[in-house]
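Notes to accompany the following structure.
So you know, we letter chains A, B, ... as the sequences are listed, proteins then strands, and number each from 1. Note: hydrogens, waters and symmetry copies are ignored here, and every other heavy atom, side chains too, is used.
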There are 2 protein chains.
Amino acid sequence: MKFSKATDYALHALLYLIMHNADTQRVPVQELASSLDVSATYLSKVLTRLVKANYITASSGAKGGYQLRKNWEAITIYDIVVAIDGEQTLFEDSFDHGEGCKIQALMQEAENNLLHSLKSKSLKDLT
Amino acid sequence: MKFSKATDYALHALLYLIMHNADTQRVPVQELASSLDVSATYLSKVLTRLVKANYITASSGAKGGYQLRKNWEAITIYDIVVAIDGEQTLFEDSFDHGEGCKIQALMQEAENNLLHSLKSKSLKDLT
DNA sequence: GTTATTATAGATTCACAATATCTTTAATTA
DNA sequence: TAATTAAAGATATTGTGAATCTATAATAAC
């Protein structure tokens with residue numbers, strides 16, 4: 001019952017981009033990695049998922065790096081979590097008790113409260 | 001970002017106890033394990049945590065087994081989760097950004113919504 | 001008391017996924 | 001062409017949940 005480190009890395013990297021006006025500038029992963037004091041190649045792997053999901057852009061070559069998209073403020077925390085960790089549900093019931101399983105219903109409701117909260121917050125709220 | 005199987009096992013074992021009037025009768029782990037089709041020794045380890053936390057009782061020897069306590073209806077799902085998985089927080093921030101870290105605040109709030117929901121449901125809601 | 005039954009504890013193994021590193025390749029700029 | 005940077009692939013490392021096995025302790029029935 002934990003979020004992944006990768007999600008933590010992603011959120012903090014995004015925060016760095018936001019704080020450094022990276023909607024107009026590009027930031028190489030080296031800079032991000034040393035700022036967070038984590039492995040650059042691993043962080044790169046994480047950020048690539050955000051690129052794939054179209055939440056940030058990346059460009060190779062000199063003066064390249066990662067960059068926020070224009071609409072970055074609207075991206076929700078939920079979006080980031082899903083892009084990194086996937087959509088796996090928090091509670092996987094090993095027992096198939098069918099529709100009426102109250103345990104599953106109950107856990108599902110709790111999880112929905114979490115997800116709803118994550119959906120209600122966006123990157124704008126980090127500023 | 002998942003609950004443990006152990007919690008799943010525990011909840012379903014409790015449900016079995018509830019459904020079999022185990023507030024007056026004792027149910028050996030063998031019966032529970034075969035009902036859920038899981039390892040008996042492992043399930044025993046899980047249930048022992050509930051015993052330690054005083055949510056159920058156990059007695060050794062012939063005619064022994066696990067039994068609900070009188071006040072079982074008031075036990076919340078949160079209680080069970082904590083007894084099994086511990087109180088570890090869902091989001092462990094690797095970066096110490098101090099009090100003002102908005103990422104942490106935000107994730108904490110989302111997590112609180114989950115926990116509040118788990119606290120608002122009790123074993124009585126499984127009946 | 002003896003035997004059978006049951007939970008508990010300890011040690012250990014197993015399996016798998018997250019995390020991390022290394023190396024190569026592709027893209028881009030100067 | 002040379003330098004810089006992201007992406008991809010392969011592989012290693014690690015941590016830990018899950019599970020098993022064995023031994024011990026407690027209890028009931030006889």
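For A:Ala58, taking side-chain heavy atoms from C-beta onward, the closest of the listed nucleotides D:dT20, D:dA7, D:dA19 is D:dA7. Distances were taken from every side-chain heavy atom of A:Lys5 (C-beta onward) to each of C:dT19, D:dA6, D:dA7; the shortest belongs to C:dT19. The B:Ser39 side chain lies nearest to D:dA19 when the options are D:dA19, D:dT5, C:dT19. Counting only heavy atoms from C-beta on, A:Ala6 has its side chain closest to C:dT19 among D:dA18, C:dT19, D:dA8. Residue B:Tyr42 places its side chain closer to D:dA18 than to any other of D:dA18, D:dA29, D:dA7.
Using a 4.0 Å heavy-atom criterion, one finds that B:Val38 contacts no nucleic acid atom at all. Residue contacts for B:Thr41: at a heavy-atom cut-off of 4.0 Å it reaches a base atom on one of the strands shown. Here B:Lys2 lies out of heavy-atom contact (under 4.0 Å) with every strand. Across all strands shown, B:Tyr9 has heavy atoms under 4.0 Å from sugar-phosphate atoms exclusively, and none from any base.
For A:Phe3 and C:dA18, the CZ to P distance is 14 Å, given to the nearest whole Å. We find that CZ of A:Arg26 is positioned 12 Å from P of D:dT5, with the value rounded to whole Å. If you measure from atom CG of A:Asp85 to atom C1' of C:dA17, you get 12 Å, rounded to the nearest angstrom. Following rounding to the nearest Å, B:Gln30 (CD) and C:dA4 (C1') show an atom-to-atom distance of 14 Å. What separates CD of A:Gln67 from C1' of D:dA6 is a distance of 14 Å, to the nearest Å. Atom P of nucleotide C:dA17 and atom CD1 of A:Ile84 are separated by 18 Å, given to the nearest angstrom. Atom CG of B:Asp37 and atom P of D:dA19 are 11 Å apart (whole Å). A:Glu92 has its CD atom 12 Å from the P atom of C:dA17, to the nearest Å.
In terms of position on DNA chain C, the residue among A:Arg49 and A:Ser60 whose nearest nucleotide sits closer to the 5' end is A:Arg49. When each of A:Ala62 and A:Ser44 is assigned the nucleotide of DNA chain D bearing its nearest heavy atom, the one mapping closer to the 5' terminus is A:Ala62.
Put simply, the side chain of B:Gln108 reaches to within 4.5 Å of the side chain of B:Glu111, judged on heavy atoms.
A donor-acceptor distance shorter than 3.5 angstrom exists from the side chain of B:Ser4 to the backbone of B:Thr7, with no hydrogens or angles considered.
Relative ring orientation between A:Tyr42 and A:Tyr9 is described as perpendicular, the plane-to-plane angle rising above 60° on a 0-90° scale split at 30° and 60°.
Contact annotation: A:Tyr66 side-chain N/O to D:dA7 OP1/OP2 distance is under 4.0 Å. For C:dA7, the OP1/OP2 oxygens have no side-chain nitrogen or oxygen of B:Lys63 closer than 4.0 Å. For D:dT27, neither phosphate oxygen OP1 nor OP2 lies less than 4.0 angstrom from any side-chain nitrogen or oxygen of B:Ser59. Remark: B:Thr48 is in phosphate contact with C:dT8, judged by side-chain N or O atoms under 4.0 Å from OP1 or OP2.
Taking 3.5 Å as the limit, the base of C:dG10 and the side chain of B:Lys45 contain a donor-acceptor pair of atoms between them.
In this structure, the ring of A:Tyr16 has its center no less than 6.0 angstrom from the ring center of A:His12.
Salt-bridge formation is detected for the pair B:Lys121/A:Glu109: a Lys NZ or Arg NE/NH1/NH2 atom is positioned less than 4.0 Å from an Asp or Glu carboxylate oxygen.
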B:Glu73 vs B:Ser122, side-chain hydrogen bond (donor to acceptor under 3.5 Å, both in side chains): CA-CA, chis, key distance, verdict: CA-CA 6 Å; B:Glu73 294 188 339; B:Ser122 69; over 6 Å; no
